[in-house]
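Below, each value reflects all heavy atoms present in this structure, side chains not excepted, and no hydrogens, waters or symmetry copies. Quick caveat: nothing in here was measured; it's all calculated off a predicted structure.
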Amino acid sequence: MGADAPGFAERAIAFHKSADEIAAAARRKDIQDVTANLSRTLVQCVGCHATYRQDIIGKRSHDRLVEPFIGSHH
């Protein structure tokens, strides 16, 4: 999904940078900065999952959707 989704790579990089800031603040033992960076990271998570979410479907729906691509020999 990531390589083909517009904006996904940029969001992934921002997420990782945000997570790195949590670690840096933890090494400094700066609880306020850990908390602030955790909050920013969670915002990154929620925003990405909201934008790039995948629908969960049942087996029948899945089979119906993939049938044209794989034929009836599954």
Side-chain angles (χ1 to χ4, degrees):
M1 171 205 289
D4 296 329
F8 186 85
E10 293 80 6
R11 281 183 176 262
I13 291 167
F15 165 79
H16 285 281
K17 286 181 179 178
S18 182
D20 289 344
E21 291 299 320
I22 296 170
R27 282 191 296 277
R28 293 190 311 272
K29 299 183 187 317
D30 184 340
I31 190 66
Q32 289 180 328
D33 208 22
V34 167
T35 305
N37 284 298
L38 175 60
S39 177
R40 283 190 277 279
T41 302
L42 290 172
V43 167
Q44 293 284 344
C45 294
V46 171
C48 191
H49 282 272
T51 302
Y52 301 103
R53 72 180 187 86
Q54 292 177 312
D55 293 327
I56 298 173
I57 60 173
K59 181 171 177 8
R60 279 192 215 153
S61 295
H62 172 269
D63 291 348
R64 191 173 55 252
L65 290 169
V66 300
E67 181 66 31
F69 303 101
I70 62 171
S72 59
H73 53 273
H74 60 270

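If you take SG on C45 and CZ on R11, they are separated by 11.0 Å, rounding to the nearest 0.5 Å. The structure places CG of D20 at 9.5 Å from NZ of K17, a figure rounded to the nearest 0.5 Å. The CD1 atom of I13 sits 11.5 Å away from atom CD of Q44, with the distance rounded to the nearest 0.5 Å. Going from atom CG of L38 over to atom CD1 of I22 covers 5.0 Å, rounded to the nearest 0.5 Å.
Here the closest heavy-atom approach between residue T41 and residue A19 is recorded as OG1-N, 3.6 Å. Minimum heavy-atom separation, P68 to R64: CD-O, 3.6 Å.
Not one N or O on the side chain of S18 forms a donor-acceptor pair closer than 3.5 Å with the backbone of A14. Counting only distance, with no hydrogens or angles, the side chain of Y52 and the backbone of A5 share no donor-acceptor pair below 3.5 Å. A donor-acceptor pair under 3.5 Å is formed between the side chain of T35 and the backbone N or O of I31.
Applying the 6.0 Å contact sphere to CZ of R28 captures more than 12 heavy atoms from other residues, nucleotides or ligands.
For D30, there are no salt bridge (charged side-chain N to carboxylate O under 4.0 Å, His left out) partners at least two apart in sequence or on another chain.
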